[in-house]
Number of protein chains: 2
Amino acid sequence: MLVRGVTGMARVVPETRDEILAAAARRFAVSGYRGTSLQDIAGEVGCSKAAVLYHFANKDAILTELMAPAIGMLQALDERIAAHSGAAAQRVAGEGFVDLAVRFRREIALLRGEFPELLQQPAFAHIQRISERLIEALAGHPERPAARIAALVVLAGISEACGEFADIPDEELRPALLALVRRALEPVD
Amino acid sequence: MLVRGVTGMARVVPETRDEILAAAARRFAVSGYRGTSLQDIAGEVGCSKAAVLYHFANKDAILTELMAPAIGMLQALDERIAAHSGAAAQRVAGEGFVDLAVRFRREIALLRGEFPELLQQPAFAHIQRISERLIEALAGHPERPAARIAALVVLAGISEACGEFADIPDEELRPALLALVRRALEPVD
DNA sequence: GATCGATCTGACCGATCGGTCAGCATCTGA
DNA sequence: TCAGATGCTGACCGATCGGTCAGATCGATC
């Protein structure tokens, strides 16, 4: 590593592990997961590729750790949705997903465009089921194609556009997305 | 190549070139552009990788040819939008984009998640400018953040969800998307 | 001062990628 | 009959990928 703390002070600089996570987040956001190599991350941190693989078992482990908080909130949302039905489930799903998107928009942006492939990995397998239930709840009338289409577009649109929202403050983004979701989804009678 | 026409008949089987295009479209739709190798395409056609590169200068050329009709329609839409302003531009943009998405949803699905990287290629550079103008027109009030957010989500959502619409007939998909766009976008006073 | 675990490095591995190339059939037109 | 264009193949290339490994460095502990 480069000079860490000119004097003998202990813990002057954050751990290399944290630097790797931060660097990976930056690069994933710019070039996507597959578009970022371990060498890219190592170069940004200023260490060797082997050092990255000393702190993380493999490349997937870095992404998994970055996404863990967002995935946790998604699972919690799924359980809250399951406790409701009809219009209540739609409201919980809509507001909950907006909260999730606002809070973790930077993390969601890391997956930009790689949802389908990444979701096929065993580590993310359950997320696919959760998102299907999310779409059902958002649609309100899952058997009505137009309602499913609206839910799909809203879900995919917010997820995919998260990368563009990085500079918008929470208190501005949240009401805008909430209003959009309420307008776009078909109401449950 | 495999046996082409048991008898001596001429042109019994479609050209290998067309088979390559069709196979590439199928594989790109399943695994994305970067997730599909020339070897994958060759394997599906039943020819060698070198045969693929005999018919196409490189991998990009295959995607460019697959996307050419959709890109043409997008450019035409851009010109029609430029001829209007305010509420009229918003209506032209919304209806035009829905038409484009319905007509070319299979082609748009090929780009699933690879928009950002692919758009940085010189061949697709102008598309980025077009989509920015499209967002402005859809937003109606480009200076109002909530309006831009709605336009962004609708545009990204429809583009990203196109892959799920393959089996929905045009006459069902079009009115559903049109109604969604009209509900979701902020009206221009 | 010897030991030991934590941290990190450079060299290396096999696999895969997009792409090139010389040459082999096959067909066609002179 | 033969020359040339067309279509295609297998072998090969350099680059890059994720990942492994033996060993160097170093601070803390006994």
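Naming: A, B, ... by sequence-line order, numbering from 1 per chain. No hydrogens, no waters, no symmetry mates; every other heavy atom, side chains included, goes into these values. None of these values were measured; they are calculated from a predicted model.
- Rounded to a whole Å, the CD atom of B/Q39 is 10 Å from the P atom of C/dT16.
- A heavy atom lying under 4.0 Å from DNA chain D marks none of the residues of residues 25-33 of chain A.
- Side-chain contact between B/V154 and B/F97 is absent, with no heavy-atom pair separated by less than 4.5 Å.
- For the side chain to side chain donor-acceptor pair (under 3.5 Å) with A/E186, the qualifying choice from A/R144, A/H141, A/R148 is A/R144, the only one to do so.
- You'll find the side chain of A/I62 reaches within 4.5 Å of the side chain of A/V52, heavy atoms only.
- Of the possible polar contacts, none joining the A/R27 side chain to the A/T36 backbone as a donor-acceptor pair under 3.5 Å is found.
- Contact check, A/T16 against C/dC8: a side-chain N or O comes under 4.0 Å of OP1 or OP2.
- Proximity note for A/L38 (side chain, C-beta onward) versus C/dT9, D/dT9, D/dG18: the nearest is D/dG18.
- Of the inter-residue distances, the one linking A/I71 atom CD1 with A/T64 atom OG1 reads 7.0 Å to the nearest 0.5 angstrom.
- Rounded to the nearest 0.5 Å, atoms CG (A/L21) and CG (A/L63) are 10.5 Å apart.
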Please list, for nucleotides 10-15 of chain D, all pairs of protein and nucleotide N/O atoms separated by less than 3.5 Å.
none

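- Residues passing the ring pair (Phe, Tyr, Trp, His ring centres under 6.0 Å) test with B/Y54, sequence neighbours excluded: none.
- Going from atom CG of B/L53 over to atom C1' of C/dC21 covers 12 Å, rounded to whole Å.
- Taking atom CD on A/E15 and atom C1' on C/dA6, their separation rounds to 11 Å, with Å as the unit.
- Between the NE2 atom in B/H55 and the CD1 atom in B/I20 there is a gap of 5.0 Å [rounded to 0.5 Å].
- For A/R91, the side-chain contact (heavy atoms from CB on, under 4.5 Å) partners two or more places apart in sequence, or in a different chain, are A/A88, A/E95.
- Distance CD1 (A/I41) to C1' (C/dC8): 17 Å, rounded to an integer number of Å.
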Return a table of donor-acceptor pairs under 3.5 angstrom between the side chains of residues 131-139 of chain B and protein atoms on other chains or two or more places apart.
{"residue": "B/S131", "atom": "OG", "partner": "B/I127", "partner atom": "O", "Å": "3.4"}
{"residue": "B/S131", "atom": "OG", "partner": "B/Q128", "partner atom": "O", "Å": "2.9"}
{"residue": "B/R133", "atom": "NE", "partner": "B/D78", "partner atom": "OD1", "Å": "3.1"}
{"residue": "B/R133", "atom": "NE", "partner": "B/D78", "partner atom": "OD2", "Å": "3.4"}
{"residue": "B/R133", "atom": "NH2", "partner": "B/D78", "partner atom": "OD2", "Å": "2.7"}

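- Straight-line distance from the CD atom of A/E19 to the C1' atom of C/dT7: 13 Å, rounded to whole Å.
- Annotation: proximity of residues 54-64 of chain A to DNA chain D (heavy atom, distance under 4.0 Å) is found for A/N58, A/K59, numbered in ascending order.
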Between A/D167 and A/R105, is a salt bridge (Lys or Arg N to Asp or Glu O under 4.0 Å) present by the stated rule, with each step listed?
CA-CA 10 Å; A/D167 297 331; A/R105 57 188 181 276; over 6 Å; no
